[in-house]
Amino acid sequence: MNSMSLTTLERGKTTVDAAALEALSAQLRGTVLTEGDAAYDDARSIWNAMIDRRPGLIVRCAGAADVIAAVNFARENRLLVAVRGGGHNIAGSAVCDGGLMIDLSPMKSVRVDPATRRAWVEPGATLADVDAETQAFELAVPTGINSTTGISGLTLGGGFGWITRKFGLTIDNLLCMDVVTADGKLLRASQTENPDLFWALRGGGGNFGIVTAFEFKLHRVGPQVLSGLVVHPFADAENVLREYRAALEVASDELTCWVVMRQAPPLPFLPAEWHGKEVLVLAMCYCGDLREGEKATQRLRAIGTPIADVVGPNPFTGWQQAFDPLLAPGARNYWKSHDFTALSDSAVEVVTAAISRLPGPECEVFFGHVGGAAGRVTADATAFPQRSAHYVMNVHARWREPEMDRACIDWARGVYEAAKPYAAGTAYVNFMPEDEVDRVEEAYGGNYRRLLEIKQRYDPLNLFRMNQNLRPAENLRAA
């Protein structure tokens, strides 16, 4: 291996000699990739096709010892570091230009103890990997709604999906984590060991270290849930949303219903004349008794005159993958999001107007409904601050051709700005694109100062900066 010029933390350049590179490689069970290696392009490719960066080095880790070696190498050479788990993050922070990419994706082990209802999960696992192992025992941990998402990034940002209202956020089901910190130490973070680090990692993202193992508590779910879609003409959107809002005010924790507004894809259960036309979709899941689910979903399913109703018993693993075809890797993506404490008429008007001017057939707006068990945790119990029952709006611009970049990004930004007066002011860090660095303090609200103090203790060099970053020294002085 020849000496290399690599990008530093300050975005300058440093030369790392061949002997140091060979020494790094010799420590690893995994592999070191550089440009030109057969696996290099695959390793640097992530979900959002807008992100096209070329790391100088990629360390594909086989275990915690490899992570420690990579972190020490980066710190000693002051290298810019990116950390890849599932590579699904909208901001694309899993990849850096010219620096060191620490790739955790080979670390996919999931081990379940059905007797104690515990799962031990490595950071390269996807939600599909976790679901496959836990559902073998009719158990689950609350995660997201797209099975190709990585468990690591989802968890560190908070994590919510179809069973959050019943069982809490993903972070609410964490018992402990193994973490490699910036000084190359492997620490255990839990309620009793390094509790400040445990608090910060539950919602604070990748700012404090690299998690090499998660321990989750599991819940009895499945193997079937009552789930599916009810599709409405978009002309009925305002009425449907009003009745949807009213129905959710009295919904049990077992019931979750999200709204998706977009042009109808060519789904087999939709009449062909609706393909490509604007629709409003109620996507619902009841994670309790199936007969009770029929009663609980009745009010939502009785709204208006739907085009199609395909709600019924489905394998939980299948429902977790239901939206995968619409969120497959390879498209260009840009998101803007808001939290809403209530779905006001004014917010509804903004969104319905936006759907009438969609810039492309894959663009959409959705509302995710959060609350229940997740809302019964205090705002300062974890770094994740938005605990009131609320709606998360995601304006999802998605397209294929680079020449559509400006139109799609401008559309998403326009919807975001128009809805801002009616929003709560907080944000979900996993939905924030890379150009929203000014929203980090807003996202964490009253937890921001404490996060900065913990960042200063565990990563004063800001080695872990490719994220929604908490810049320690400068922000502490200003705070």
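Sequential numbering from 1 along the given sequence is applied to the chain's residues. Just the heavy atoms: all of them, side chains too, but no hydrogens, waters or symmetry mates, feed the values below.
Taken from CE in Met50 to CD1 in Ile90, the straight-line distance is 8.5 Å, to the nearest 0.5 Å. Rounding to the nearest 0.5 angstrom, the gap separating the CG atom in Leu156 from the CG atom in Asn467 is 10.0 Å. To the nearest 0.5 Å, the span separating CG on Leu175 from CH2 on Trp120 amounts to 9.0 Å. Taking SG of Cys96 as the reference point, atom CZ of Arg54 lies at 12.5 Å (rounded to 0.5 Å). To the nearest 0.5 Å, the span separating CE on Met107 from CD on Glu122 amounts to 4.5 Å.
With sequence neighbours left out, Phe214 forms a ring pair (Phe, Tyr, Trp, His ring centres under 6.0 Å) with Phe216. For Arg299, there are no salt bridge (Lys or Arg N to Asp or Glu O under 4.0 Å) partners, not counting sequence neighbours. Applying the ring pair (Phe, Tyr, Trp, His ring centres under 6.0 Å) test to Tyr444 and every residue at least two apart in sequence or in another chain returns nothing. With sequence neighbours excluded, the residues satisfying side chain to side chain donor-acceptor pair (under 3.5 Å) with Thr148 are His88, Asn146. For Arg245, the salt bridge (Lys or Arg N to Asp or Glu O under 4.0 Å) criterion is met by Asp345, not counting sequence neighbours.
Aromatic ring centres of Tyr428 and Phe160: separated by under 6.0 Å.
A 4.5 Å side-chain heavy-atom check between Arg413 and Asp435 finds at least one atom pair inside the cut-off. Under the 4.5 Å side-chain criterion, counting only non-hydrogen atoms from C-beta, Leu358 is not in contact with Glu364.
Not one N or O on the side chain of Asp42 forms a donor-acceptor pair closer than 3.5 Å with the backbone of Ala39. Judged by distance alone, the side chain of Tyr416 and the main-chain N or O of Trp411 form no donor-acceptor pair under 3.5 Å. No side-chain donor-acceptor contact under 3.5 Å links Ser105 to the backbone of Gly124. Of the possible donor and acceptor atoms, none in the side chain of Ser388 sits under 3.5 Å from a partner among the backbone N and O of His390. Arg262 places no side-chain N or O within 3.5 Å of a backbone atom of Lys277 that could act as its donor or acceptor partner. Judged by distance alone, with hydrogens and angles left aside, the side-chain atoms of Asn48 form no donor-acceptor pair with the main-chain N or O of Ile46 at under 3.5 Å.
Relative to the six-membered ring of Tyr334, Arg332 misses at least one condition, a distance below 6.0 Å or an angle of at most 45° to the axis.
Ala283 and Leu229 make their closest contact through CB-CD2, 3.7 Å (heavy atoms, listed as atom of the first residue, atom of the second, distance).
Using a 30° and 60° split on the angle between ring planes, Tyr391 and Phe367 fall in the perpendicular class, above 60°. Relative ring orientation between Trp162 and Trp258 is described as tilted, the plane-to-plane angle lying within the 30° to 60° band.
Listed by first then second residue, pairs satisfying salt bridge (Lys or Arg N to Asp or Glu O under 4.0 Å) with a partner in residues 62-73 number zero, not counting sequence neighbours.
Side chains of Gln386 and Thr426: a donor-acceptor N/O pair is present below 3.5 angstrom, by distance only. No hydrogens or angles considered: a donor-acceptor pair under 3.5 Å links the side chains of Asn469 and Asn462.
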